[in-house]
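Just below is one structure, and these are the notes that go with it.
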Amino acid sequence: MKFRNFKMVGFVVYGRGSFNQLDEIIAPHRQDGKPMVFLVDHFFDGKPLVNRIPVRENDKVLFVDVTYEPKTTYVDKLAQQLKEEFGAVSGVIGIGGGSTMDLAKAVSLMMNNPGSSADYQGWDLVKFPGVYKVGIPTLSGTGAEVSRTTVLTGPTKKLGMNSDFTPFDQIILDPELTANAPANQRFYTGMDCYIHCIESLEGTYLNEFSKSYGEKALQLCQKVFVDKAKWDEECDDMLMMASYAGGMSIAYSQVGVAHAVSYGLSYLLGTKHGIGNCIVMNHLEEYYPAGVKEFKYMVEKNKIEIPVGICKGLSDEDFEKMINVSMGMKPLWENALGKDWEKIMTREKLRNLYEKL
Ligand code: NAD
Ligand code: ZN
């Protein structure tokens, strides 16, 4: 048995208003003549948060388009643009949801690694550390702030740059930044965390480390989406910590069926991560009976619409593509169903599941 020896985020600051410490936190990492680059979710273009970014001298604020989940081509373009404009940069600071944080991690790595980010989609392929990188979430749930991966859609696969160089050097967890996110978006991203917990806690890779974080994150999600009568500041506080703990839980375990199936949807149809997981979770009673029951209750209580019938009219070839992508997520299936997972989740069974979505 070989135990995972995983790299964690370097520094963490948590608290309402902690964003105000950004200037002070990054100051020691500024290198002469090299700018700090702020990659900011395009939602904040023209919003008051932009005026609070500690821009100095030749620093650059770049609004990133997260209409679609990050692609390797987009990462390459951003890194190329920065290299042409500045040669080198002091650091990359991502301010936004999971998509923006993944872009920031990937761009940081591509400032110091040759070729295309597509060359590094996989496990431990990244050769050199990236430039200093900071993650500042404005949505809670993905756990991208703590993970060692950055999920990218490339020319042939949707897979992260999963490496010890990928985690952020610093994260700033300021729940104020998630206030006023639209209720649907907040739910989909929050459910990503809930689903991480269920998949981790019900998985075969579970150990006490994962369980401790997973149980805490699950409890926080339940407080937010089951117990609370209406959304308030405490919900933002709790969900931000749930996301962190959920991410820590899967660091030592793995996600499961909902993620494995949702990756297929995302690859073929471009379905976004949070909503895709919800669409799949809605049909997973067989694998996670208690979790799915509670999930359905939360959907109803929070008055959220989960799309149905998204696979209607797809061709055999389309289904094959999704099945191939999903079946390729071996560690997820093994975590969910055990070593003999291929006997349990056959291509036919997976096809039936996709047809229901
Ligand atoms: P997102 O980053 O894709 O953003 C969703 C939408 O919310 C966007 O339109 C964005 O502009 C908007 N938004 C962001 N913050 C907002 C705010 N405070 N108020 C209003 N709107 C806001 O959503 P997400 O669910 O956080 O992230 C999903 C992405 O994260 C996917 O690309 C997925 O692959 C990735 N992911 C990564 C990991 C990892 O470990 N690296 C884990 C899970 C998911
Ligand atoms: Zn997820």
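Counting starts at 1 for both ligands and their atoms, following the listed order.
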Legend entry - Those atoms of ligand 1 less than 4.0 Å from some heavy atom in Ser147: 39 (C), 40 (O), 41 (N)
Inset, instruction - Mark up the atoms of ligand 1 that fall under 4.0 Å of a heavy atom belonging to Pro70, in ascending order. - result: 32 (O)
Inset, instruction - Using a strict cut-off of 4.0 Å, indicate which atoms of ligand 1 neighbour a heavy atom of Gly98. - result: 2 (O), 24 (P), 26 (O), 27 (O), 29 (C), 30 (O)
Inset, instruction - Output the atom name for the N/O/S atom of Asp192 with the smallest distance to the Zn ion (ligand 2). - result: OD1
Legend entry - Identity and distance of the protein heavy atom lying nearest atom 33 (C) of ligand 1: His273 CB, 3.6 Å
Legend entry - Under-4.0 Å salt bridge between Lys349 and Glu286: yes
Inset, instruction - Answer yes or no for Tyr188: is there a heavy-atom contact with ligand 1 below 4.0 Å? - result: no
Inset, instruction - Number the atoms of ligand 1 from 1 as they appear, then name those within less than 4.0 Å of a heavy atom of Asp192, with their elements. - result: 43 (C), 44 (C)
Legend entry - Heavy-atom proximity to atom 16 (C) of ligand 1, best of Asp65, Thr138, Val146: Thr138
Legend entry - Proximal candidate to atom 38 (C) of ligand 1 [heavy atom criterion; set Gly94, Ala144, Gly247, Ala179]: Ala144
Legend entry - Pair Glu300 + Lys296, salt bridge at N-O below 4.0 Å: no
Inset, instruction - Identify, for atom 2 (O) of ligand 1, the protein heavy atom at the shortest distance, and state residue, atom and that distance. - result: Ser99 N, 2.9 Å
Inset, instruction - Output yes when a side-chain donor or acceptor of Asp102 lies under 3.5 Å from a complementary backbone atom of Ser99, and no otherwise. - result: no
Legend entry - ligand 1 contacted by Gly96 (non-hydrogen, < 4.0 Å): no
Inset, instruction - Measure the distance from atom 4 (O) of ligand 1 to every protein heavy atom, then report the residue, atom name and distance (to 0.1 Å) of the closest one. - result: Leu139 CD1, 3.6 Å
Inset, instruction - Within a distance under 4.0 Å of any heavy atom of Phe44, pick out the atoms of ligand 1 and give their elements. - result: 17 (C), 18 (N)
Legend entry - Distance filter under 4.0 Å to Leu177 heavy atoms, resulting ligand 1 atoms: 18 (N)
Inset, instruction - Indicate the ring-plane relationship of Phe225 and Phe187, choosing parallel, tilted or perpendicular according to the 30° and 60° boundaries. - result: perpendicular
Legend entry - Charged N-O contact under 4.0 Å between Asp237 and Arg16: yes
Inset, instruction - For atom 6 (C) of ligand 1, grab the closest protein heavy atom and report residue, atom and distance to one decimal in Å. - result: Gln185 OE1, 3.6 Å
Legend entry - Short side-chain donor-acceptor distance under 3.5 Å, Gln80 and Glu84: yes
Legend entry - Residue part near ligand 1, for Thr67, under 4.0 Å between non-hydrogen atoms: neither
Inset, instruction - Answer side chain, backbone, both or neither: which part of Pro137 comes under 4.0 Å from ligand 1, heavy atoms only. - result: neither
Legend entry - Residue and atom name of the nearest protein heavy atom (relative to atom 19 (N) of ligand 1), distance in Å to one decimal: Phe43 CE2, 3.3 Å
Legend entry - Nearest-neighbour protein heavy atom for atom 12 (C) of ligand 1, which is reported as residue plus atom name and distance: Asp41 OD2, 4.0 Å
Inset, instruction - Assess Gly274 for proximity to ligand 1: is some non-hydrogen atom of it under 4.0 Å away? - result: no
Inset, instruction - Run the salt-bridge test on Arg30 and Glu57 with the 4.0 Å N-O cut-off and return the result as yes or no. - result: no
Legend entry - Metal check, the Zn ion (ligand 2) vs Cys193 N/O/S, cut-off below 2.8 Å: no
Inset, instruction - Looking only at protein heavy atoms, identify the closest one to atom 31 (C) of ligand 1 and say how far it is in Å. - result: Glu69 OE2, 3.2 Å
Inset, instruction - Answer yes or no: is there an ion pair linking Glu234 with Lys223, defined by an N-O contact shorter than 4.0 Å? - result: no
Legend entry - Met298 CE to Met281 CE distance, which is reported to the nearest 0.5 Å: 7.5 Å
Legend entry - Residue pair Ser243 / Glu145, side-chain donor-acceptor N/O under 3.5 Å: yes
Inset, instruction - With heavy atoms only and a cut-off of under 4.0 Å, state how Phe63 meets ligand 1: side chain, backbone, both or neither. - result: neither
Legend entry - Residue part near ligand 1, for Val66, under 4.0 Å between non-hydrogen atoms: side chain
Legend entry - Atoms in ligand 1 with a heavy atom of Thr149 nearer than 4.0 Å: 39 (C), 40 (O), 41 (N)
Inset, instruction - Evaluate the ring planes of His273 and Tyr263, with Trp represented by its six-membered ring, and classify them as parallel (under 30°), tilted (30 to 60°) or perpendicular (over 60°). - result: perpendicular
Legend entry - Note: Glu69-Lys272 ion pair, threshold 4.0 Å (strictly below): no
Legend entry - Charged N-O contact under 4.0 Å between Lys127 and Asp119: no
Inset, instruction - Could you check atom 35 (C) of ligand 1 against the protein and tell me its nearest heavy-atom contact, residue, atom and distance included? - result: Asp102 OD2, 3.5 Å
Legend entry - Geometric cation-pi criterion Lys47 and Phe43, 6.0 Å radius, 45° cone: yes
Legend entry - Region of Met101 engaging ligand 1 - heavy atom pairs below 4.0 Å: neither
Inset, instruction - Number the atoms of ligand 1 from 1 as they appear, then name those within less than 4.0 Å of a heavy atom of Gly97, with their elements. - result: 2 (O), 26 (O)
Inset, instruction - Could you tell me whether Arg56 and Asp23 make a salt bridge, using a distance below 4.0 angstrom between a side-chain N and a carboxylate O? - result: yes
Legend entry - Crowding at CG, Asn180 (>12 non-hydrogen neighbours, <6.0 Å): no
